[in-house]
Amino acid sequence: MRINRLILIVFVCMFISGCDQNGYNKSQGSTELQTKTIFAMDTAMQFQIYTSRSDIIDLLENEIKHLDRLFDRGNSESDIYLINNTSAPITVADDTATVINTALEISSQTDGAFDISIAPIMDAWGFYTHDYVIPDTSVIDELIKNVNYHEISLNANTLCTPDNMMLDLGGIAKGFAADKLVKIIEDNDINSGIISLGGNIAAIGSKPDGSQWSVAIQDPFNSDKYIGAVSVADKAVVTSGAYQRYFESGGNIYHHIIDPHTGYPADNDIASVTIISDNGTTADALSTALFVMGMDNAADYYRKHQSFDAVFITKENEIYITPGLKNSFKSENTFSVIE
Ligand code: AMP
Ligand code: MG
C-alpha cells in the first residue's frame, strides 16, 4: 500500500516553468518573477507571481498558515478540531463560516454527493493517518449514519453538529484558500501570476506578455503525460482524480474521494474531473462532487447550472468538455462537447 503524492508534486512543477523549491526572483522587464514552493494543507503549493513587491510571497504564505490553523483537523486549536471534539455549539471564525456555508450549498445542489461530514469514513479507510485499511462493511454501515450534511446547522458564526458527527474540509479548503490568495494578490495591484495549491490552480490575469495561461490537465492513467490544456485568464482550474491519493490492496485501487451515500470510494465511469470557474471554492467542491456523481449525472448538473466549465475524462479514456471550452481546450486526443 502506498500513497502517490509525488505524482502531484511532479505535475505541479512541470506545468509551471521556473519551478524552484526554495523560492527565487527572476527579472521579467519592469516586474520580477517571485516564486516559492511550500508544503501546507497536506499538499505541495506553488506560487508564481509577477510583481515588484518583494513581500508578496510572505503575505501569501502567512494567509495559508492562518487558514491551515483554522481548518486542520489535527490541530487542537483549529475550528474544525473543536467542532469535531466538542458537543456544545461553537463560534467559528468568519473564514470557517464562509467555507462551511458554501460547502452546504454545494451539498444541497448535488444531493449530498459533496458532504463535509465524510470525516469518520475517511478515518475508517485510514486516509487521514495514511495507515490504510479496508473497513468491514459493518463498520461503514455504522459510521455512515453520522454522515449527513442536513444535520449541520450554521447561524452566522455559530455552528452546531450532532455529537458523533465530524467534519473534513479537504474537498473544499484549498479552493477557498486559492480565492483568498487571489484577493490578496489583486488587492496589491498585481495582475499577473499563477498559484497551485495541490490540484487547485488559480490564474491571476494573464501572462506578462498578455497571452493566456496554459494549464495542463494530467492524464489520469499516466502520471508522465497530459491529455491536453486549457487557456485561461482570471480563472480557477481544479482537478479531482482517483490518481491523486490512493492505496492498492489485493489488486484493487481504493482512492480518497468517497461516495457519501455508500461510504466507499466513488466507483463510476469517471477517472478525473476538471472544473474551470471564476470561483475557486465552488470549483473545488464541484470537482469532488461531480467525480462522485458519474458522467451522466455530472453532465446533467452542468446542463442545469452552466455556471462553470469542465473537462471530464472517463475510465474508457474518453474526453468530454463543456461548450464554453471549445476555443480554449487543446488536445491531441479526440474529444466530444457536451450538448
Ligand atoms: P478533492 O481532492 O478536492 O476531490 O477532495 C478530496 C478530499 O475531500 C478527500 O481527501 C477528503 O478529505 C474529502 N472528501 C472525500 N470525499 C468527499 C465527499 N464526497 N464530499 C466532500 N469531501 C470529500
Ligand atoms: Mg475538491
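Order of appearance sets the numbers: ligands from 1, and atoms from 1 within every ligand. This structure is a prediction, so every number in the text was calculated from the model and none was measured.
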Pull out every atom of ligand 1 sitting under 4.0 Å from any heavy atom of [X], numbered as shown with elements.
X: Ser240; value: 1 (P), 3 (O), 4 (O)
X: Ala113; value: 18 (C), 19 (N), 20 (N)
X: Asp284; value: 3 (O)
X: Met122; value: 9 (C), 10 (O), 11 (C), 15 (C)
X: Asp168; value: 11 (C), 12 (O)
X: Pro260; value: 19 (N)

Backbone or side chain, does any N or O of [X] fall under 3.5 Å from an N or O of ligand 1?
X: Thr239; value: no
X: Asp259; value: no
X: Ser287; value: no
X: Ile116; value: no
X: Ile257; value: no

**Prompt:** In terms of ring plane angle, is the pair Tyr132 and Phe247 parallel, tilted or perpendicular, where the classes change at 30° and 60°?
**Reply:** parallel
Ion pair present between [X] and [Y], side-chain N to carboxylate O less than 4.0 angstrom?
X: Lys207; Y: Asp209; answer: no
X: Lys174; Y: Asp179; answer: no
X: Arg245; Y: Asp42; answer: yes
X: Asp300; Y: Arg303; answer: yes
X: Glu61; Y: Lys36; answer: yes

Report the nearest protein non-hydrogen atom to [atom]: residue, atom name, distance rounded to 0.1 Å.
atom: atom 23 (C) of ligand 1; value: Ile118 CG2, 3.8 Å
atom: atom 5 (O) of ligand 1; value: Gly171 CA, 3.4 Å
atom: atom 20 (N) of ligand 1; value: Asp115 N, 3.0 Å
atom: atom 15 (C) of ligand 1; value: His256 O, 3.2 Å
atom: atom 22 (N) of ligand 1; value: Phe114 CE1, 3.8 Å

**Item:** Steps toward salt bridge (Lys or Arg N to Asp or Glu O under 4.0 Å) verdict (Asp267, Lys315)
**Value:** CA-CA 10 Å; Asp267 186 14; Lys315 285 183 181 157; 3.1 Å; yes
**Message:** Quick check on Phe127 - does any of its heavy atoms sit under 4.0 Å from an atom of ligand 1?
**Reply:** no
**Fill in**
Distance col, row Tyr302:OH vs Leu290:CG, nearest 0.5 angstrom, shows 12.0 Å
**Request:** Output the distance between atom CD1 (Ile190) and atom CD (Gln34), rounded to the nearest 0.5 Å.
**Result:** 8.0 Å
**Asked** What pairs with Ser192 under side-chain contact (heavy atoms from CB on, under 4.5 Å), at least two apart in sequence or on another chain?
**Response** Tyr50, Pro208, Trp213
**Message:** Is it the case that the side chains of Ser231 and Ser328 hold a donor-acceptor pair, with the cut-off being a distance below 3.5 Å and no angle test?
**Reply:** no
**Item:** Heavy atoms from other residues, nucleotides or ligands near NZ of Lys183 exceed 12 (cutoff 6.0 Å)
**Value:** no
**Message:** I'd like to know whether CG of Asn327 has more than 12 heavy-atom contacts from other residues, nucleotides or ligands below 6.0 angstrom.
**Reply:** no
**Message:** Given 3.5 Å as the limit, does a donor-acceptor pair link the side chain of Asn268 with the main chain of Val292, or not?
**Reply:** yes
**N, O or S atoms of the protein lying under 2.8 Å from the Mg ion (ligand 2)** = Gly171 O, Asp284 O, Asp284 OD1, Thr288 OG1
**Request:** From the options Asp79, Asp68, Asp123, select the one residue that forms a salt bridge (Lys or Arg N to Asp or Glu O under 4.0 Å) with Arg73.
**Result:** Asp123
**Fill in**
Note: heavy atom closest to atom 16 (N) of ligand 1, options Val292, Leu167, Ile258, Thr288, belongs to Ile258
